Undergrad: 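To start, I am sharing the structure in question, which I have written as structure tokens.
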Amino acid sequence: MNFPKIASLKTADAFQSRLNEIGAPMPFDETVEAGAGSTLWQPIDSGAGVIGNRWTILPMEGWDGEADGTPTDLTRRRWRNFGLSGAGLIWGGEAVAVRHDGRANPNQLMLNDATASSIESLREELVGEHVKAFGSDDGLVVGLQLTHSGRYARPNDKKRLEPRIAYRHPVLDPRAGVTDDGAILSDDDLDRLVDDFIAAAVLAQKIGYAFIDVKHCHGYLGHELLSGFDRPGKYGGDFEGRTRFLRNVVAGVRAAAPGLAIGVRLSVFDYSPYKPGPDGDGVPEVAGAYPYAFGGDGQGGIDLTEPSKFLSLLKELGIRLVCTTCGSPYYNPHIQRPAAFPPSDGYQPPEDPLAGVARQIDATAKLKSEHPDLVIVGSGYTYLQDWLPNVGQAAVRSGMVDSIGLGRMVLSYPDLPADVFAGKSLVRKRVCRTFSECTTAPRNGIVSGCYPLDPFYKERPEREQVLAITKGK
Ligand SMILES: Cc1cc2nc3c(=O)[nH]c(=O)nc-3n(C[C@H](O)[C@H](O)[C@H](O)COP(=O)(O)O)c2cc1C
Ligand code: SF4
């Protein structure tokens, strides 16, 4: 599909006319405020400590840990960049597996007794960089994202999926090579996994993290369980069954790690898996009725009734920190991380990516209006590029969200929040243009990073390989 690139929408009028043209309304402030007292520099109490401003660094892994689950220099560099961004909230750093069979790749970080001190030093390096840049760590809150990759586990070989699934799925099973029920995690398996989450949470608290995120997004296990409508047994079926995993983890963490705050990153809606259509543009693989979407209306659209009920449950469980996202980067990346250029295993955008950004902003605002007492971080803003601060500020100012999450943008331009605070114009050559190479690289077994714009990755030997893959697709 043809759509104007953001860099060509040079004025606020041009940007807003495009939004009107495609029916994707978004809040927008003509002027971005700077300095202490500005909209994006208001503190907020999160239950995990006071967060000094309204910028959040979203979790982003780099496929660059050691085989034993400890970080490498590349991991440490990324976390230091998170620290110098100026963002007050670090939502989890990156997905960290609670055990080996739940790793999304053989280089994913893993938290256990043997790795804990190295994951502690990751946090310390991040905080150190923040203090170097801003003089103190007041207002900095750092959490750790805990995960089991479920259907997308590749613990032993980058090229080999070893799925552990919640239920059989007619479209995703063939994609993952699942041909029988052997891949399904039994109720006993899930009971043991709950224990592994609790053990990891205890370690996270011990090594200084202010909260853990019990990951429930992007098609990984926590998220998949939420759509296990037909799964028999205690971890499936009705809302109570589908949320039992979360409730058991939370109860165990409360008992074993008292005082540790908990957050949840949630895919608040989902669509059918997509595939390239005849002209390369993405089309839903299941057109019409699609009963496997948490936050879906059963017909391929969105219904936030259950996600809203889920947020009510979080409140009952004493959880205040929520990060909204949607879908999955594996089966419908255009809704999850709107981009001008698809990753190598994706499809051409079936809509102007601005529509994808607007969809996430709108869903988040609806949930925020129903749950004003939760601290809600939004995602998917990077595609806004030069206009990100204008939209982010307006969304926070109008109470549609509490904090603006930055994903890809922080890979190309880590100190964007600091530049906004200082009242500087954005440095155009550092603004992420959503080339998707940070997704293409790991899909092809290569470490992730911003190969097009980050001078450090531009120099790395893998760059030629990534370029060749991108050109060949
Ligand atoms: C390279 C890469 C790695 C990511 N890793 C994670 C992860 O470990 N955990 C997670 O919840 N989301 C992960 N995400 C998703 C981002 O947190 C974010 O939701 C997404 O990029 C959309 O936000 P953006 O538009 O600011 O990029 C990753 C995204 C990218 C591009
Ligand atoms: S590779 Fe760089 S420019 Fe491309 S999407 Fe990732 S962060 Fe943005």
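Whatever order the structure lists ligands and atoms in, that order sets their numbers, starting from 1. Please read these numbers as outputs of a predicted model, since none were measured by experiment. Atoms considered below: every heavy atom in the structure, side chains included; atoms not considered: hydrogens, waters and symmetry mates.
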Undergrad: For ligand 1, find out whether one of its N or O atoms is nearer than 3.5 Å to an N or O atom of Leu406.
TA: no

Undergrad: Return yes or no for this condition: an N or O of Glu94 is under 3.5 Å from an N or O of ligand 1.
TA: no

Undergrad: Ligand 1 and Ser379, any nitrogen or oxygen pair closer than 3.5 angstrom?
TA: no

Undergrad: Using a plain distance cutoff, I'd like to know if Gly407 has any nitrogen or oxygen under 3.5 Å from a nitrogen or oxygen of ligand 1.
TA: yes

Undergrad: Do any N/O atoms on Glu61 end up under 3.5 angstrom from N/O atoms on ligand 1?
TA: yes

Undergrad: Nearest heavy atom to atom 1 (C) of ligand 1: which of Pro329, Cys323, Ser448, Gly356 does it belong to?
TA: Ser448

Undergrad: With rounding to the nearest 0.5 Å, note down the distance linking CG in Leu311 to CG in Leu266.
TA: 6.5 Å

Undergrad: Can you check which of Met60, His218, Arg265 brings a heavy atom nearest to atom 18 (C) of ligand 1?
TA: Arg265

Undergrad: Who are the side chain to side chain contact (heavy atoms under 4.5 Å, CB included) partners of Leu161, not counting sequence neighbours?
TA: Arg154, Pro163, Ala176

Undergrad: Could you check whether atom NZ of Lys315 has more than 12 heavy atoms from other residues, nucleotides or ligands sitting under 6.0 Å from it?
TA: yes

Undergrad: Sequence neighbours excluded, which residues qualify as side chain to side chain contact (heavy atoms under 4.5 Å, CB included) partners of Glu462?
TA: Ile446, Val447, Tyr451, Arg460, Gln465

Undergrad: Side chains of Trp79 and Glu94: do they bring a donor and an acceptor to under 3.5 Å?
TA: yes

Undergrad: Looking at Thr382, which atoms of ligand 1 are within less than 4.0 Å of one of its heavy atoms?
TA: 24 (P), 25 (O), 26 (O), 27 (O)

Undergrad: Please indicate whether any nitrogen or oxygen in Gln145 is less than 3.5 Å from any nitrogen or oxygen in ligand 1.
TA: yes

Undergrad: Can an N or O of Ala95 be found at a distance shorter than 3.5 Å from an N or O of ligand 1?
TA: yes

Undergrad: Decide side chain to side chain contact (heavy atoms under 4.5 Å, CB included) for Arg99 and Leu193; before the verdict, give the C-alpha distance in whole Å, the side-chain angles of both, and the deciding distance to 0.1 Å.
TA: CA-CA 8 Å; Arg99 66 184 204 199; Leu193 184 58; 3.8 Å; yes

Undergrad: Considering only the protein, which heavy-atom contact is closest to atom 23 (O) of ligand 1, and what is its distance?
TA: Gly380 N, 3.4 Å

Undergrad: Select one of side chain, backbone, both or neither to describe which atoms of Trp63 lie under 4.0 Å from any atom of ligand 1, heavy atoms only.
TA: side chain

Undergrad: At distances under 2.8 Å, what protein N, O or S atoms surround atom 8 (Fe) of ligand 2?
TA: Cys432 SG

Undergrad: Can Lys10 and Asp386 be said to form a salt bridge (charged side-chain N to carboxylate O under 4.0 Å, His left out), step by step?
TA: CA-CA 9 Å; Lys10 290 191 190 308; Asp386 314 82; over 6 Å; no

Undergrad: Among Arg443, Arg408, Gln336, Arg337, whose heavy atom sits nearest atom 25 (O) of ligand 1?
TA: Arg408

Undergrad: Taking side chain to side chain contact (heavy atoms under 4.5 Å, CB included) as the test, write out the residues that go with Cys326, two or more places apart.
TA: Phe269, Ile335, Gln360

Undergrad: Any idea which part of Pro59 is under 4.0 Å from ligand 1, heavy-atom wise: side chain, backbone, both or neither?
TA: both

Undergrad: Could you tell me, atom by atom, which parts of ligand 1 come under 4.0 Å of a heavy atom of Tyr381?
TA: 25 (O)

Undergrad: Please check whether Lys215 reaches ligand 1 - meaning an N/O of the residue sits under 3.5 Å from an N/O of the ligand, judged on distance alone.
TA: yes

Undergrad: Please check if the side chain of Ser412 supplies one atom and the backbone of Cys432 the other of a donor-acceptor pair under 3.5 Å.
TA: yes

Undergrad: Between Arg408 (side chain only) and Arg337 (backbone N and O only), is there a donor and an acceptor less than 3.5 Å apart?
TA: yes

Undergrad: Step through it carefully: locate the ring centre of Phe82, locate the ring centre of His130, and say whether they are under 6.0 Å apart.
TA: no

Undergrad: Testing the basics here: between Ile319 and Leu374, what is the closest heavy-atom pair and its distance to 0.1 Å?
TA: O-CD2, 3.4 Å

Undergrad: Does Lys458 make a cation-pi contact with Phe456, if we ask for NZ or CZ under 6.0 Å from the ring centre and within 45° of the axis?
TA: no

Undergrad: Which atoms of ligand 1 sit under 4.0 Å from any heavy atom of Leu58?
TA: 17 (O), 18 (C), 23 (O)

Undergrad: Kindly say whether Arg397 contributes a backbone atom to a donor-acceptor pair with the side chain of Thr39 at under 3.5 angstrom?
TA: no

